[in-house]
There are 4 protein chains.
Amino acid sequence: MRRTLKAAILGATGLVGIEYVRMLANHPYIKPAYLAGKGSVGKPYEEVTRWQTVGQVPKEVADMEVKPTDPKLMEQEGVDIIFSPLPAGAAGPVEEQFAKLGYPVISNSPDHRFDPDVPLLVPELNPHTISLIDEQKKRRDWKGFIVTTPLCTAQGALFPLAPIFMNFKMDGAFITTMQSVSGEGYPGVASLDVIDNIKVLGDAYDAKTIKEVFRVLSEVKRNVNEPKLEEVTLSATTHRIATIVGHYEVLYVTFKEETPAEKVKETLANFTGLPQELKLPTAPSKPILVAEKDNRPTVYFDRWAGDVPGMSVVVGRISQVNKRTVRLASLVHNTVRGAAGGGILAAELLVEKGYIEK
Amino acid sequence: MRRTLKAAILGATGLVGIEYVRMLANHPYIKPAYLAGKGSVGKPYEEVTRWQTVGQVPKEVADMEVKPTDPKLMEQEGVDIIFSPLPAGAAGPVEEQFAKLGYPVISNSPDHRFDPDVPLLVPELNPHTISLIDEQKKRRDWKGFIVTTPLCTAQGALFPLAPIFMNFKMDGAFITTMQSVSGEGYPGVASLDVIDNIKVLGDAYDAKTIKEVFRVLSEVKRNVNEPKLEEVTLSATTHRIATIVGHYEVLYVTFKEETPAEKVKETLANFTGLPQELKLPTAPSKPILVAEKDNRPTVYFDRWAGDVPGMSVVVGRISQVNKRTVRLASLVHNTVRGAAGGGILAAELLVEKGYIEK
Amino acid sequence: MRRTLKAAILGATGLVGIEYVRMLANHPYIKPAYLAGKGSVGKPYEEVTRWQTVGQVPKEVADMEVKPTDPKLMEQEGVDIIFSPLPAGAAGPVEEQFAKLGYPVISNSPDHRFDPDVPLLVPELNPHTISLIDEQKKRRDWKGFIVTTPLCTAQGALFPLAPIFMNFKMDGAFITTMQSVSGEGYPGVASLDVIDNIKVLGDAYDAKTIKEVFRVLSEVKRNVNEPKLEEVTLSATTHRIATIVGHYEVLYVTFKEETPAEKVKETLANFTGLPQELKLPTAPSKPILVAEKDNRPTVYFDRWAGDVPGMSVVVGRISQVNKRTVRLASLVHNTVRGAAGGGILAAELLVEKGYIEK
Amino acid sequence: MRRTLKAAILGATGLVGIEYVRMLANHPYIKPAYLAGKGSVGKPYEEVTRWQTVGQVPKEVADMEVKPTDPKLMEQEGVDIIFSPLPAGAAGPVEEQFAKLGYPVISNSPDHRFDPDVPLLVPELNPHTISLIDEQKKRRDWKGFIVTTPLCTAQGALFPLAPIFMNFKMDGAFITTMQSVSGEGYPGVASLDVIDNIKVLGDAYDAKTIKEVFRVLSEVKRNVNEPKLEEVTLSATTHRIATIVGHYEVLYVTFKEETPAEKVKETLANFTGLPQELKLPTAPSKPILVAEKDNRPTVYFDRWAGDVPGMSVVVGRISQVNKRTVRLASLVHNTVRGAAGGGILAAELLVEKGYIEK
Ligand SMILES: NC(=O)c1ccc[n+]([C@@H]2O[C@H](COP(=O)([O-])OP(=O)(O)OC[C@H]3O[C@@H](n4cnc5c(N)ncnc54)[C@H](OP(=O)(O)O)[C@@H]3O)[C@@H](O)[C@H]2O)c1
Ligand SMILES: NC(=O)c1ccc[n+]([C@@H]2O[C@H](COP(=O)([O-])OP(=O)(O)OC[C@H]3O[C@@H](n4cnc5c(N)ncnc54)[C@H](OP(=O)(O)O)[C@@H]3O)[C@@H](O)[C@H]2O)c1
Ligand SMILES: NC(=O)c1ccc[n+]([C@@H]2O[C@H](COP(=O)([O-])OP(=O)(O)OC[C@H]3O[C@@H](n4cnc5c(N)ncnc54)[C@H](OP(=O)(O)O)[C@@H]3O)[C@@H](O)[C@H]2O)c1
Ligand SMILES: NC(=O)c1ccc[n+]([C@@H]2O[C@H](COP(=O)([O-])OP(=O)(O)OC[C@H]3O[C@@H](n4cnc5c(N)ncnc54)[C@H](OP(=O)(O)O)[C@@H]3O)[C@@H](O)[C@H]2O)c1
């Protein structure tokens with residue numbers, strides 16, 4: 001039997017932090033042991049936390065005091081692993097500091113996503129990239145390490161795209177998103193931007209989405225050898241609308257050769273990865289759920305889908321546009337699969353593969 | 001000088017009807033003379049009308065009694081022209097009846113949009129199709145005639161697409177829409193479908209959007225002769241979100257040859273049509289306004305744009321995806337340009353061209 | 001041990017119906033055995049049901065076929081008890097028919113709420129009114145009976161008001177509501193009524209709310225004997241806003257004598273009733289939860305509060321306005337405490353008291 | 001004839017600032033001559049301004065450069081009057097500085113609202129308080145002066161309450177508000193606070209609303225001499241909901257003697273003040289419009305009511321609760337009547353009364 005790992009959750013009072021707390025409260029071998037915050041330090045977790053999710057604050061953490069992001073205190077508490085959904089900018093140096101001190105750091109923040117020796121990990125898609133950790137530790141002379149997870153929006157696109165890219169001669173994808181406001185944290189999106197309106201996220205957000213999709217696609221194992229990734233066209237047009245959680249994305253996917261939508265559908269429906277093989281506790285049995293009805297997926301009804309709620313991306317509207325084009329829509333739970341759940345699954349993989357000591 | 005034309009507005013209390021009333025109250029030679037309804041017959045217009053638009057109910061119609069959709073009464077009132085934003089199904093037979101009796105009928109309803117002898121008119125795009133009226137009158141032995149305008153969603157796509165198709169070797173377009181709830185009239189969309197949610201409109205709505213775009217594109221005058229329209233791929237994925245009025249659409253447009261986004265932008269920015277040439281009263285000086293900022297167009301800030309508010313489609317986010325692909329976004333005021341304003345502009349063209357007597 | 005009661009849920013696919021299904025799926029001795037609908041008859045429950053609540057359709061009912069509201073079929077299935085969240089108008093005759101045939105019918109519909117021999121039951125407030133059943137059966141010569149539960153809005157007011165009326169010389173209450181759209185079922189409230197707007201429900205809704213509050217107050221056991229209920233002033237101003245579930249109400253309560261807010265708070269915080277005493281399975285340990293923070297209760301964060309989620313009314317903002325006036329706000333889960341949960345709790349009480357055979 | 005007054009609008013790019021710009025663009029004798037901002041200094045007004053109102057940015061100001069809040073520059077431009085919708089905290093010292101320099105300063109900010117020598121002016125309610133200016137100038141040895149306008153929420157309550165307090169033996173008022181998000185400026189209210197939720201504003205906001213109502217009531221001319229204001233009970237429970245502009249408030253008003261709702265209604269319907277008498281350009285002919293339908297006022301349909309759009313408060317739902325209690329609802333346009341429009345009307349009164357030189 002495995003010993004229990006004590007987790008510190010940085011930004012534990014944030015929108016991603018609460019999903020870590022919710023999910024770890026029932027975890028078989030990782031428990032929320034240290035809840036770190038900034039403005040809310042010193043107060044009981046339940047009192048200062050905006051619990052904008054399902055269920056209630058778990059009893060075992062309700063009265064826990066929020067603590068500072070302080071290595072000394074964490075050492076005293078015997079923390080084994082650090083989950084870091086800190087804001088961009090704040091995250092980078094803190095994560096380095098902890099890695100240096102020997103902690104495994106799983107980060108959902110953007111600061112280290114493009115360090116070449118840091119995995120940008122989606123456990124079902126590019127699990128072997130965890131071997132970058134060896135290089136990272138050596139090069140940086142660290143006892144611990146950093147692993148990151150991609151932008152939630154990128155994950156909503158990647159779940160259908162990666163299996164397609166792995167199995168078909170995919171030529172490009174044109175993505176249009178309708179993202180929820182929780183993607184910017186709290187307070188985040190101004191209400192005046194989304195009441196009777198849409199918020200157009202613009203060039204910078206479009207670009208970063210694509211950049212992350214490209215990195216992960218460059219790391220998946222393909223069953224086809226054409227076209228080269230450099231030849232693939234990707235574009236995203238990104239928006240926020242007045243939804244609380246769940247990012248919805250429409251994808252038009254083009255191919256270099258005739259590609260039946262039915263085959264694509266089958267591939268997605270049957271897709272599984274290493275987490276499923278290893279039966280990791282937070283791995284949904286199906287990372288992709290295919291919706292059959294032509295009015296699904298929707299944000300409200302599909303965001304919590306799957307046997308590990310929020311961990312399956314729901315894909316629907318799969319249909320043939322022309323011989324070489326397939327249309328589909330995806331729905332990803334941005335703070336679960338797109339952040340906390342993805343982080344926990346990463347940790348489980350790292351434990352299984354020996355990068356985190358049991 | 002032109003005599004004043006007395007207009008009957010069918011469905012005058014509906015969401016499209018009110019825009020007819022608002023716009024005609026200030027029209028130089030068409031005036032709202034007969035306001036027809038169904039449930040609200042017999043009551044003063046202001047009392048029974050949900051004025052879900054800008055400004056207030058015009059004084060001259062506020063106390064007008066809503067009347068039945070009755071040819072006899074209209075004759076007594078000396079009605080010259082009929083605008084018909086009636087619900088699908090109800091519209092068809094009523095419109096035929098009036099056309100038979102000699103009235104010019106401008107319809108925004110779908111019932112006759114695919115009759116081959118009935119124009120599906122966007123005055124800037126396919127003005128010459130009004131000559132179908134001659135055939136229509138002859139074949140049906142009618143004294144009057146029916147002219148229709150396309151689905152609001154189709155118009156939001158057509159405004160950028162038609163000029164592109166006319167001037168470039170356009171290969172296809174992949175459209176994703178975020179439409180407002182007013183597009184379904186009142187009560188229309190259930191609040192439970194769009195609070196913290198999106199409403200996926202599904203296959204039938206996707207298909208009818210494309211079908212209407214195809215018909216209008218088949219009728220525009222092209223400056224290029226490739227590819228044939230049959231070879232063009234069009235697809236739409238349609239949704240409603242919690243916005244009141246204004247349909248937002250993202251379009252990925254592909255071409256058979258290298259096509260610079262800058263050229264496309266220039267073409268759209270400079271596009272004008274016959275209504276502008278003829279200086280029709282309801283013609284905006286620019287049917288397409290190009291937005292420069294990368295967070296525009298938006299629903300709230302752009303739906304009333306232009307010198308004839310609501311009559312210009314705002315196009316933005318024009319950018320190069322790859323050599324043969326351009327991305328753009330459009331915003332159309334669904335009840336003005338997409339319905340009432342389009343109908344009034346059609347009437348003005350018909351007056352100018354002698355199909356409606358001055 | 002108790003035998004399992006087989007429940008038929010009429011309107012099982014509706015917004016109240018789904019809460020019955022959700023709650024009974026885990027009930028110790030009532031199980032959802034017959035799911036009745038109208039438009040959805042003949043189809044698998046999961047396929048036709050809009051599951052607008054937390055969690056997923058319980059496995060045991062997902063594939064159950066929706067059946068007609070047919071006594072014969074129910075008899076064949078061995079139904080023991082009927083829950084009836086049918087629409088007003090449709091409910092009345094159906095409920096009578098079933099009661100006549102010998103079924104205990106628990107109704108959430110308004111049709112029989114003012115029959116003098118039909119309990120309008122809130123188990124914590126007027127449990128002894130179940131004795132009306134004896135009279136009802138006799139007078140109507142029925143083998144079964146009907147018990148009703150009050151309007152959700154009335155319950156949101158009653159939970160604070162009844163304990164206050166029981167214990168203090170309450171003179172009146174002025175209620176202003178912000179109700180969720182689910183209160184009207186699906187499709188229910190038009191999105192155009194609540195986007196950037198409030199829907200004012202008007203005189204009829206105001207009046208029926210008060211009428212139901214009065215009836216229940218007339219039936220509670222008081223510890224004070226002044227003023228007479230006829231002398232109490234009640235008024236409600238009712239509205240819907242763009243929230244999915246959860247009715248929020250502000251109450252200004254006036255008294256005939258000095259009444260400290262602290263005492264009122266204490267009374268509410270300590271309030272329990274017969275269901276708590278009997279430890280009925282669906283009874284929350286605290287029917288009223290007192291919120292301390294001055295920004296609570298809110299709709300989003302408090303609707304699922306309590307140890308039986310959705311069954312506790314959250315009351316907050318309790319404060320002294322003047323010596324004889326106290327202000328408070330309440331939040332009731334309209335489809336749980338205000339309908340299905342209240343119905344199940346009623347059934348449990350009836351079982352316990354022998355009106356439904358174990 | 002009157003010379004044109006050159007106005008500087010501080011915070012001209014804010015939500016109140018844009019209403020000043022919109023209204024002054026058509027003003028007979030005040031023109032927007034100097035647009036001051038902070039973050040947006042140096043850029044053309046149209047480019048940096050979030051025009052979250054009706055119509056379009058007026059041509060004459062679209063290209064005007066936003067300037068710093070700098071007395072020297074204003075002097076160079078020959079500014080005559082200053083409108084100050086600056087944020088709380090920033091406003092106070094700036095306003096004093098300008099008053100000292102000789103400018104009439106009309107402020108919508110809270111910083112000086114409770115200075116005893118600064119009018120808290122609602123031109124229809126307490127016009128004679130402008131005489132405080134004489135005292136203010138003397139005491140502070142200023143050449144200019146400051147006049148403030150009350151909190152938008154207070155004004156929504158004051159419009160019905162002041163005429164009632166002036167004419168009836170009003171005993172108290174219990175107010176419940178549903179305020180729009182624009183009341184907090186931009187970005188202001190977080191979308192996560194109002195999507196599927198209400199934002200409870202809490203004790204501090206409740207208290208300041210009442211405090212301002214009390215001050216203005218203490219200054220109106222009464223036709224009754226009972227009760228003393230100190231004996232009047234006022235309470236407000238304040239909230240924001242997902243509406244863009246327009247504050248809706250429900251008021252339960254109690255009286256010391258029998259008071260027919262019909263009389264109250266008549267009083268409100270006939271209420272006018274000095275601005276109407278003087279026919280000030282921005283004075284609506286009726287400061288209070290009485291809505292007759294029992295589903296009005298609403299936010300969407302009534303906020304722009306009246307002959308000077310947004311300047312009339314719409315009051316409805318006036319009804320008898322008991323002999324001494326009347327219920328009513330009001331709707332105030334928070335950035336027009338509640339801020340910019342109120343400020344302009346104040347300026348007009350000051351011009352008329354000689355406090356601002358023509
Ligand atoms: N939201 C999503 O959908 C999503 C998805 C993927 C990735 N992410 C990434 O996850 C991170 C967190 O996002 P979020 O939405 O959870 O944000 P959030 O709701 O704004 O929460 C931020 C959290 O970080 C803490 N914090 C802020 N500044 C800090 C500092 N300087 N030092 C230490 N702690 C600090 C806050 O603590 P106090 O409350 O105590 O001040 C709070 O707990 C971001 O990097 C974001 O890009 C978010
Ligand atoms: N909304 C849009 O954005 C849009 C855009 C393009 C085209 N259209 C088309 O325009 C038409 C009207 O749409 P809408 O949104 O204005 O609908 P709406 O708000 O539902 O209004 C319907 C109007 O038609 C009247 N009416 C209903 N049934 C009738 C009947 N059997 N006979 C005569 N009058 C009848 C109603 O009168 P009473 O109120 O008196 O019952 C009402 O005035 C539809 O065909 C729609 O497809 C709409
Ligand atoms: N929603 C609330 O918050 C709430 C609270 C307290 C009480 N109530 C009361 O509960 C009742 C149900 O409300 P709801 O919100 O659940 O409504 P809903 O969502 O509209 O559901 C109505 C249900 O009734 C069925 N149905 C409709 N007409 C029928 C008929 N003639 N015969 C048999 N079944 C019929 C429908 O079946 P199909 O889908 O198969 O057509 C559906 O299952 C109403 O009386 C309401 O006043 C509601
Ligand atoms: N909104 C309402 O309904 C309402 C009603 C009554 C009274 N008020 C009061 O009116 C004031 C303005 O409210 P708002 O809603 O218009 O706010 P807002 O939308 O946030 O606008 C604030 C404006 O002030 C400028 N500004 C900010 N800080 C400044 C500083 N330190 N020095 C100079 N200029 C500064 C901003 O300029 P840049 O954009 O250039 O940075 C912007 O133009 C507040 O005091 C508010 O309490 C508001």
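Note that the structure is a prediction, hence the values are computed from the model and not measured. Residue numbering restarts at 1 for every chain, and letters A, B, ... go by the order of the sequence lines.
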Enquirer: Please state whether the side chain, the backbone, both or neither of S319(C) comes within less than 4.5 Å of a heavy atom of chain D.
Expert: neither

Enquirer: Main chain of I244(D), side chain of S182(D): is a donor-acceptor contact present, judged purely on distance under 3.5 Å?
Expert: yes

Enquirer: If I measure from the heavy atoms of chain D, does I241(C) come under 4.5 Å with its side chain, its backbone, both, or neither?
Expert: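 Contact with chain D involves the side chain of I241(C) alone.
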
Enquirer: Give the member of D196(C), V245(C), D203(C), V321(C) that has the highest number of heavy-atom pairs under 4.5 Å with chain D.
Expert: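 Maximum pair count with chain D is reached by D196(C).
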
Enquirer: Could I get the full list of side chain to side chain donor-acceptor pair (under 3.5 Å) partners for Y300(D), not counting sequence neighbours?
Expert: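 For Y300(D) there are no side chain to side chain donor-acceptor pair (under 3.5 Å) partners, ignoring immediate neighbours.
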
Enquirer: Is NZ or CZ of R50(C) both nearer than 6.0 Å to the six-membered ring centre of Y186(C) and within 45° of the ring axis?
Expert: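 Checked: cation-pi criterion met.
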
Enquirer: F174(D) and Y252(D): aromatic ring centres closer than 6.0 Å?
Expert: no

Enquirer: Does a side-chain N-to-carboxylate-O contact under 4.0 Å join R324(D) and E258(D)?
Expert: no

Enquirer: Could you tell me which of D206(C), L234(C), D193(C), I195(C) has the largest number of non-hydrogen atom pairs under 4.5 Å with chain D?
Expert: D206(C)

Enquirer: Considering only heavy atoms, which portion of I175(D) lies under 4.5 Å from any heavy atom of chain C: side chain, backbone, both, or neither?
Expert: backbone

Enquirer: Using a cut-off of under 4.5 Å for heavy-atom pairs, which of T237(C), V299(C), T243(C) has the most such pairs with chain D?
Expert: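 Top count of heavy-atom pairs under 4.5 Å with chain D: T237(C).
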
